[in-house]
Amino acid sequence: MHIYDSVQKTKLPFGPIREGEASIYVCGPTVYDDAHLGHARSSLAFDLLSRTLKALNYKVTMAKNFTDIDDKIIKKVEETGQSMEEITSFYIDRYLKEMAALGVERADIEPKATESLQAIENMIQKLIDQDNAYVISTGDVYFDTSKDSHYGEISHQVGEDEDNQSRVAHTSEKRNPKDFALWKACKGKDDICFDTAFSPGRPGWHIECSAMIEEHFSGNDEYSIDIHGGGADLLFPHHENEAAQSRCAIGHELSKYWMHNGFVQIDGEKMSKSLGNSFFLKDALKIYDGEVLRYYLNSVHYRNDFNFSEEELQTSKKRLDKLYRLKKRVSPGKASAVNKTFKKALLDAMGDDLNISTALAVIDEMIASTNDTLDTNPKNKSLKKETLANITFIDTLLGFGGKEPFSYFQIGVDEALKAEIAKLIEARTNAKKEKNFERSDALRDELTALGISIMDTPEGTLWEKA
RNA sequence: GGAGCCAUCGCCAAGUUGGUAAGGCCGUAGAUUGCAAAUCUGCUAUUCACCAGUUCGAGUCUGGUUGGCUCCUCCA
């Protein structure tokens with residue numbers, strides 16, 4: 001397995017802390033609103049990572065957090081009158097359901113900031129005791145970036161003197177312009193806050209990840225976890241700050257490898273809530289099947305930006321359709337053993353920093369050669385069984401191709417229409433027997449009008465939703 | 001202002017240590033079909049934004065130019 005490490009900016013062989021194991025922490029969403037396609041892509045990218053490592057026989061432990069204390073959530077509380085808990089649990093539930101529709105496996109650990117307050121307080125207290133952090137007059141606690149000689153090595157976003165260039169305004173009580181809040185003291189009696197030894201308030205954004213990692217992973221003398229992941233926008237300042245506070249509090253590096261996924265763009269621009277160009281997952285799932293969306297969003301390498309277009313999505317679906325047509329052709333039956341050459345080619349591709357393009361090419365070649373052989377010898381039973389096993393392997397590794405193939409092509413067709421289709425096909429078959437082609441073509445046109453395309457095979461006439 | 005990333009066929013998109021351009025869509029010629037659809041076969045980039053350099057050899061390395069995107073503010 002090779003992984004591109006965004007800190008060293010190069011592809012590295014994956015050598016985990018513990019032989020045969022992989023610990024992964026991915027930054028999850030702040031739960032104050034619906035997830036958009038960008039969240040989906042990030043989630044999908046690390047799902048692919050986890051599945052690939054598992055297929056390579058690593059014992060994977062994956063954590064993905066929910067940030068459930070945050071300014072935006074508090075703002076929503078003020079706007080809606082709902083409790084923070086009501087809001088966050090609603091969006092967490094939604095998020096999990098939508099990701100499940102995309103075939104994303106649940107993380108082993110799903111920590112929430114509200115459930116990690118003790119770990120957060122402990123870490124902040126430790127940093128204060130070490131004088132790596134300080135409390136200002138308002139009760140806010142800041143991390144002193146000057147105490148960390150390695151600050152800037154994660155994002156390479158160093159720059160010592162051009163602080164005035166920074167777009168971040170900073171308060172005069174900060175020791176250094178780059179110092180960031182570990183703890184935000186509560187401002188009024190209605191503010192949502194939690195009690196600590198230093199001040200009542202709530203955690204800053206960065207500290208929760210560091211604290212959660214310490215709470216849930218043991219690591220070794222050098223690193224807490226193997227891989228830390230998230231969107232490319234988190235590299236700075238979020239991950240830089242996480243790394244700094246962990247390094248100072250724990251005395252070693254936070255993560256051995258850092259991985260960052262590229263953005264989903266709309267018309268060449270990053271999709272984000274602040275730009276107002278978000279395509280929400282819930283809306284996408286109303287129009288497209290989760291599996292099709294998964295295939296599409298995963299079809300471009302995770303580090304590249306992804307320009308979303310419905311037209312490309314349709315093109316992408318055609319490719320998935322081909323896999324299901326083959327599956328239809330070899331079904332029903334019992335799977336035998338996966339083809340070793342095929343399996344190796346897929347694992348080699350995915351083991352190379354998740355090279356999905358090569359993996360999809362390997363699959364397309366398998367589909368073509370299998371169809372070719374089946375054209376010559378339609379009754380090749382052992383090939384059919386092997387193909388079934390190959391497709392099962394694809395489903396395990398990449399998360400698509402697992403559906404029953406006939407139902408895949410019938411998504412969105414209700415029972416009444418199915419009966420109607422069956423009737424028309426039967427009538428057409430009879431017309432064909434009588435060589436009444438005028439009538440059979442007319443019946444086909446009727447089916448086409450219903451959005452159904454048909455194909456005559458030795459096994460009879462099959463249909464698909466166009 | 002500072003820090004990065006990217007630029008490969010009409011479209012999407014691979015291409016680790018430099019060695020002579022995967023795959024998909026579209027198009028096209030054929031096989032198959034009553035005709036289609038599905039499936040298969042052939043064809044479809046002497047060329048990798050542009051310029052210069054290193055090298056026996058560069059899409060891959062170096063420098064520069066142009067264009068696009070991102071981060072430095074919440075952000076996947």
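As a basis for the values below, the full set of heavy atoms in this structure was taken, side chains included, without hydrogen atoms, waters or symmetry mates. Naming: A, B, ... by sequence-line order, numbering from 1 per chain.
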Exercise for review: Measure the distance from NE2 on A/H260 to P on B/rA76 and round it to the nearest whole Å.
Suggested key: 13 Å

Review point. Is the shortest side-chain N/O distance from A/K322 to OP1 or OP2 of B/rC25 below 4.0 Å?
Key: yes

Practice item. Tell me which nucleotide among B/rG23, B/rU39, B/rA76 gets nearest to the side chain of A/R329. Key: B/rU39

Practice item. Would you indicate what A/A40 reaches in the nucleic acid, counting non-hydrogen atoms under 4.0 angstrom: base, sugar-phosphate, or nothing? Key: nothing

Practice item. Identify the residue among A/Y142, A/F143, A/F180 that makes a ring pair (Phe, Tyr, Trp, His ring centres under 6.0 Å) with A/H206. Key: A/F180

Review point. So which of A/L49, A/L53, A/V362, A/T52 actually passes side chain to side chain contact (heavy atoms under 4.5 Å, CB included) with A/M350?
Key: A/T52

Study note, to complete from the structure: Answer for the Watson-Crick or wobble partner of B/rG1, both distances under 3.5 Å, is B/rC72

Point to revise | Whole angstrom value for the distance that separates C1' of B/rU16 from CZ of A/F14 | key: 18 Å

Practice item. May I ask you to say what A/H2 touches in the nucleic acid, namely base, sugar-phosphate or nothing, with a heavy-atom cut-off under 4.0 Å? Key: nothing

**Study point:** Stacked cation flag A/K328 on A/F409, 6.0 angstrom / 45 deg
**Key:** yes

Review point. When the C1' atoms of B/rA13 and B/rU55 are considered, how many whole Å apart are they?
Key: 30 Å

Practice item. Could you check which of B/rC69, B/rG23, B/rC40 has an atom nearest any side-chain atom of A/D375? Key: B/rC40

Review point. What integer number of Å spans the C1' atoms of B/rU65 and B/rC72?
Key: 26 Å

Practice item. Please state whether the base of B/rC74 and the side chain of A/K72 form at least one donor-acceptor pair under 3.5 Å? Key: yes

Check your understanding: Distance between the C1' atoms of B/rG67 and B/rC74, in whole angstroms?
Key -> 30 Å

Review point. If you draw the axis of the six-membered ring of A/Y32, does the NZ or CZ of A/K273 fall within 45° of it and under 6.0 Å from the ring centre?
Key: yes

Review point. In whole Å, what separates the C1' atom of B/rC69 from that of B/rA45?
Key: 26 Å

Study note, to complete from the structure: Which of B/rC35, B/rA14, B/rG24 is nearest the side chain of A/T358? It is B/rA14

**Study point:** Selection from B/rU16, B/rC11, B/rC35 that lies nearest to any side-chain heavy atom of A/E312
**Key:** B/rC11

Review point. Rounding to a whole Å, what distance do you find between A/M366:CE and B/rG23:C1'?
Key: 14 Å

Exercise for review: May I ask you to say what A/D372 touches in the nucleic acid, namely base, sugar-phosphate or nothing, with a heavy-atom cut-off under 4.0 Å?
Suggested key: sugar-phosphate

Study note, to complete from the structure: Side-chain atoms of A/D305 come closest, of B/rC69, B/rU39, B/rA38, to B/rC69

Exercise for review: Remember a base hit wins even if backbone is also touched, and classify A/F437 as base, sugar-phosphate or nothing at under 4.0 Å, heavy atoms.
Suggested key: base

Check your understanding: With both distances under 3.5 Å as the test, what is the Watson-Crick or G-U wobble partner of B/rG59?
Key -> none

Review point. 5'-most contact on RNA chain B: A/N371 or A/F306, nearest heavy atom basis?
Key: A/F306

Point to revise | Carboxylate-amine/guanidinium proximity below 4.0 Å for A/D352 and A/K11 | key: yes

Exercise for review: Can you check whether any acceptor in the base of B/rA38 is under 3.5 Å from a donor in the side chain of A/R325, or vice versa?
Suggested key: no

Exercise for review: Measure distances between side-chain N and O atoms of A/R303 and base N and O atoms of B/rC5, and say whether any donor-acceptor pair falls under 3.5 Å.
Suggested key: no

Point to revise | Nearest listed nucleotide, side chain of A/K9, among B/rG34, B/rC12, B/rG4 | key: B/rG4

Practice item. Measure from the side-chain N and O atoms of A/R439 to the backbone N and O of A/A431, and report whether any donor-acceptor pair falls under 3.5 Å. Key: no

Point to revise | Short side-chain N/O contact from A/K318 to OP1 or OP2 of B/rC26, under 4.0 Å | key: yes

Check your understanding: Of the candidate nucleotides B/rC35, B/rC69, B/rG23, which contains the atom at the shortest distance from the side chain of A/Q265?
Key -> B/rC69

Review point. Does B/rG10 have a Watson-Crick or wobble partner in any strand here, with both distances under 3.5 angstrom, and which is it?
Key: B/rC25

Practice item. Identify whether any heavy atom of A/I454 sits under 4.0 Å from a base atom; if not, whether one sits that close to sugar-phosphate; answer base, sugar-phosphate or nothing. Key: base

Practice item. Could you tell me the separation between the NZ atom of A/K64 and the C1' atom of B/rA76, rounded to a whole number of Å? Key: 10 Å

Review point. B/rU62 and B/rG24: how far apart are their C1' atoms, nearest whole angstrom?
Key: 35 Å

Study note, to complete from the structure: For A/D5, the salt bridge (charged side-chain N to carboxylate O under 4.0 Å, His left out) test, sequence neighbours excluded, returns none

Exercise for review: Write down the distance separating the P atoms in B/rG59 and B/rG18, rounded off to the nearest Å.
Suggested key: 13 Å

Check your understanding: Got a salt bridge between A/R51 and A/D47, using NZ or NE/NH1/NH2 to carboxylate O under 4.0 Å?
Key -> yes

Check your understanding: Counting only distance, no hydrogens or angles, is the base of B/rG15 paired donor-acceptor with the side chain of A/N355 under 3.5 Å?
Key -> no

Exercise for review: Starting from the 5' end of RNA chain B, give me the residue, A/S357 or A/S440, whose nearest nucleotide shows up first.
Suggested key: A/S357

Check your understanding: What does A/G230 touch in the nucleic acid at a heavy-atom separation under 4.0 angstrom: a base, only the sugar-phosphate, or nothing?
Key -> sugar-phosphate

Check your understanding: A/E365 has a side chain; which of B/rU39, B/rA14, B/rG23 sits nearest to it?
Key -> B/rG23

Exercise for review: Identify whether any heavy atom of A/T315 sits under 4.0 Å from a base atom; if not, whether one sits that close to sugar-phosphate; answer base, sugar-phosphate or nothing.
Suggested key: sugar-phosphate

Revision key, fill the gap. Looking only at B/rC11, B/rA14, B/rA76, the nucleotide nearest the A/H301 side chain is B/rA14

Practice item. Give A/E464 one of three labels, base, sugar-phosphate or nothing, depending on what nucleic acid heavy atoms sit under 4.0 Å from its own. Key: nothing

**Study point:** Any-strand Watson-Crick or G-U partner of B/rC50, both distances under 3.5 Å
**Key:** B/rG64

Practice item. Would you indicate what A/V26 reaches in the nucleic acid, counting non-hydrogen atoms under 4.0 angstrom: base, sugar-phosphate, or nothing? Key: nothing

Exercise for review: Identify the nucleotide, in any strand shown, that forms a Watson-Crick or G-U wobble pair with B/rC35, with both distances under 3.5 Å; if there is none, say none.
Suggested key: none

Review point. Side chain of A/S255, backbone of A/H228: donor and acceptor closer than 3.5 Å?
Key: yes

Exercise for review: Classify the nucleic acid contact of A/D352 as base, sugar-phosphate or nothing, counting any heavy atom under 4.0 Å across all strands shown.
Suggested key: nothing

Check your understanding: Expressed in whole Å, how much space separates the C1' atoms belonging to B/rU8 and B/rG15?
Key -> 9 Å

**Study point:** Pair partner, B/rG18 [Watson-Crick or wobble, under 3.5 Å]
**Key:** none

Point to revise | Exam field: side chain A/E240 to backbone A/S155, donor-acceptor pair closer than 3.5 Å | key: yes

Exercise for review: Give a yes/no on whether any side-chain N or O of A/N261 is located under 4.0 angstrom from OP1 or OP2 of B/rA76.
Suggested key: no

Practice item. For B/rG2 and B/rG10, measure between their P atoms and round to the nearest Å. Key: 37 Å

Check your understanding: How is A/K270 classified with respect to the nucleic acid when contacts are heavy atoms under 4.0 Å: base, sugar-phosphate, or nothing?
Key -> base

Review point. For A/G229, which contact category applies under a 4.0 Å heavy-atom criterion: base, sugar-phosphate, or nothing?
Key: nothing

